[in-house]
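Note sheet for the following structure.
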Amino acid sequence: MTLTADVQEVEPFHLEFAEAVLDGLSQRAKHIPCRFLYDARGSELFEDITRLDEYYPTRTEIGLLRTYGHEMAKLAGDGCAVVEFGSGSSRKTHILLEHMKTAAAYVPIDIDDASLKEASVRLEQQFPDLPIHPVHADFSQDIDLPEEIGDAPRLGFFPGSTIGNFNLDVAVEFLARAGALLGEESGLLIGTDLQKDLDILLPAYDDAKGVTAQFTLNLIHRINRELHGNLEVERFAHKVIYNDEIGRIEIYIESLSDQNAEILGRQFSFSEGERVHVESSHKYTLPQFRDLAAKAGWGSGQVWTDENDLFSLHYLTRA
Ligand code: SAH
Ligand code: AVI
């Protein structure tokens, strides 16, 4: 959509957000892309989520990296540049790098500059001999890797099941683009959450302390702050469902009453119970994910899962 005069007062950095919100809230099925959940506060709240009892993915994947990291490092080989998509706090990278004694460089890529800077400083202290080249970018667009990494073989690292936040076609596009970026000789170590009982899955996205609700509703604060919105946060709620047909968690901001709000001088109305879709989190079986990777030109190698089959880490190579 083309932005008109009412958006002139938005700072250039917020333009993309403005466009996405105005467009997404003008649709019949309202939606806002999930990458906008990660401003500085959103990233902090996500870190809090990773420490919740109900949120099994982070601790399970960390367990896999600790137990099998030596096997992953061996498959990647010596002298790799590790390129991480959606690096966030880089908390898991630390474990991988401990196993990869000969990594040539680390390239964290993230849309949130604050967490990127903080994580890079911390990793520089932990690995003083490792060149670190942070890239502040949207990984759903084309990205250039820093020239400094030269022609070192690349290991892509995409933990957290962040791939699950993409719709299936977008996931295939992303994986194909990542393949072109990393090159023919590269590997990709990628975390994917597995399908499981709803009594484990639903609380992971709707925790008792309400931290995930704060993470979702932080988007309203961001709209109010960056886009001159006047939405009343207490008149909206965090809503989670499991879409059985697609095999994914869906997260919505639900309106608790009929109401109107203004964003960048435009009026939006929300009816009671109306939902704004803000995130999906796909859960894959191992064969489903292998098929998806194959469509993007990645061949499946080893896969590691925990004893409760909660989470998986796949090592993919260019097919
Ligand atoms: N890798 C970490 C963080 C996962 S949270 C872990 O496994 O725990 C998802 C991360 O991806 C966040 O740090 C968020 O800022 C980043 N992110 C989300 N969408 C993005 C996009 N389109 N481009 C770049 N980074 C993105
Ligand atoms: C980053 N991503 C993989 C998380 C997930 O589990 O889909 C985001 C999240 N949203 C709410 N809780 C966690």
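When a ligand or atom number is given, it counts from 1 through the structure's own listing order. Computed from heavy atoms alone, side chains included, the values below leave out hydrogens, waters and symmetry copies.
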Q. Does Thr50 come within less than 4.0 angstrom of ligand 1, counting non-hydrogen atoms of the residue?
A. no
Q. Quick one: does Glu84 get a heavy atom under 4.0 Å from ligand 1?
A. yes
Q. What is the nearest protein non-hydrogen atom to atom 13 (O) of ligand 1, stated with its residue, atom name and distance?
A. Asp110 OD2, 2.7 Å
Q: Step by step, work out the side chain to side chain donor-acceptor pair (under 3.5 Å) result for His70 and Thr67.
A: CA-CA 8 Å; His70 61 288; Thr67 311; over 6 Å; no
Q: Any chance you could measure Asp306, atom CG, to Phe311, atom CZ, to the nearest 0.5 Å?
A: 9.0 Å
Q. Looking at side-chain heavy atoms only, is the closest gap between Arg290 and Trp298 below 4.5 Å?
A. no
Q.
Before you tell me yes or no, could you show the steps for Lys196 and Asp199 under salt bridge (Lys or Arg N to Asp or Glu O under 4.0 Å), namely the whole-Å CA-CA distance, both residues' side-chain angles and the distance that decides it to 0.1 Å?
A. CA-CA 9 Å; Lys196 59 185 57 66; Asp199 54 1; over 6 Å; no
Q: Could you tell me whether the side chain of Ile241 reaches within less than 4.5 Å of the side chain of Tyr252, counting heavy atoms only?
A: yes
Q | Contact (N/O only, under 3.5 Å) between Thr162 and ligand 1 | A | no
Q: Enumerate the residue pairs fulfilling salt bridge (Lys or Arg N to Asp or Glu O under 4.0 Å) with a member in residues 41-56, sequence neighbours excluded, ordered by first and then second residue.
A: Arg41-Glu44, Glu47-Arg51, Glu47-Arg91
Q) Applying a strict 4.0 Å limit to heavy atoms, is Pro159 in contact with ligand 1? A) yes
(Q) Counting non-hydrogen protein atoms only, what is the nearest one to atom 3 (C) of ligand 1? Give residue, atom name and distance. (A) Gly86 O, 3.5 Å
**Q.** Rounded distance [0.5 Å steps], CD1 in Ile263 versus CD1 in Ile223
**A.** 5.0 Å
Q: Tell me the residues surrounding ligand 2, counting only those with a heavy atom closer than 4.0 angstrom, sorted by chain and number.
A: Tyr38, Phe46, Ile49, Tyr55, Gly160, Ser161, Thr162, Asn165, Tyr205, Thr212, Phe215, Ile251, Glu279, Ser281
Q. Stepwise, does the side chain to side chain donor-acceptor pair (under 3.5 Å) test hold for Glu84 with Thr93?
A. CA-CA 8 Å; Glu84 180 170 0; Thr93 328; 2.5 Å; yes
Q: Identify, by atom number and element, the atoms of ligand 1 in contact range of Gly160, meaning under 4.0 Å from any of its heavy atoms.
A: 7 (O)
**Q.** Sequence-distant partners of His282, ring-ring contact (aromatic ring centres under 6.0 Å, His included), two or more places apart
**A.** none
Q) With sequence neighbours left out, which residue pairs that include part of residues 164-195 fulfil the ring-ring contact (aromatic ring centres under 6.0 Å, His included) condition? A) Phe85-Phe174, Phe139-Phe166, Phe139-Phe174, Phe158-Phe174, Phe166-Phe174
Q: Report the part of Ser115 in contact with ligand 1, treating N, CA, C, O as backbone and CB onward as side chain, heavy atoms under 4.0 Å; options are side chain, backbone, both, neither.
A: neither
**Q.** Phe46 N/O to ligand 1 N/O under 3.5 Å
**A.** no
(Q) Within this structure, what is the CG-CZ distance for the pair Leu219 and Phe236, rounded to the nearest 0.5 Å? (A) 11.0 Å
Q) Got an N/O contact under 3.5 Å between Tyr38 and ligand 1? A) no
Q | Heavy atom of Ala137, distance to ligand 1 below 4.0 Å | A | yes
Q | Backbone or side-chain N or O of Phe85 under 3.5 Å from ligand 1 N or O | A | no
Q: Any atoms of ligand 1 less than 4.0 Å from a non-hydrogen atom of Gly88? List them with their elements.
A: 13 (O)
Q) Using heavy atoms and a threshold below 4.0 Å, how should the contact between Lys92 and ligand 1 be classified: side chain, backbone, both, or neither? A) side chain
(Q) For atom 26 (C) of ligand 1, what's the nearest protein heavy-atom neighbour? Residue, atom name and distance, please. (A) Phe139 CE2, 3.4 Å
Q: Using only heavy-atom distances, determine whether the side chains of Asn218 and Gln214 contain a donor-acceptor pair under 3.5 Å.
A: no
**Q.** Rounded distance (nearest 0.5 Å) linking atom OG1 of Thr192 with atom OH of Tyr284
**A.** 8.5 Å
Q. So which protein heavy atom does atom 25 (N) of ligand 1 come closest to, and at what separation?
A. Ile111 N, 3.1 Å
Q.
Considering non-hydrogen atoms of the protein only, which is the closest contact for atom 22 (N) of ligand 1, and what is the distance?
A. Asp138 OD1, 2.8 Å
**Q.** Rounded distance (nearest 0.5 Å) linking atom CD of Glu234 with atom CG of Leu217
**A.** 10.5 Å
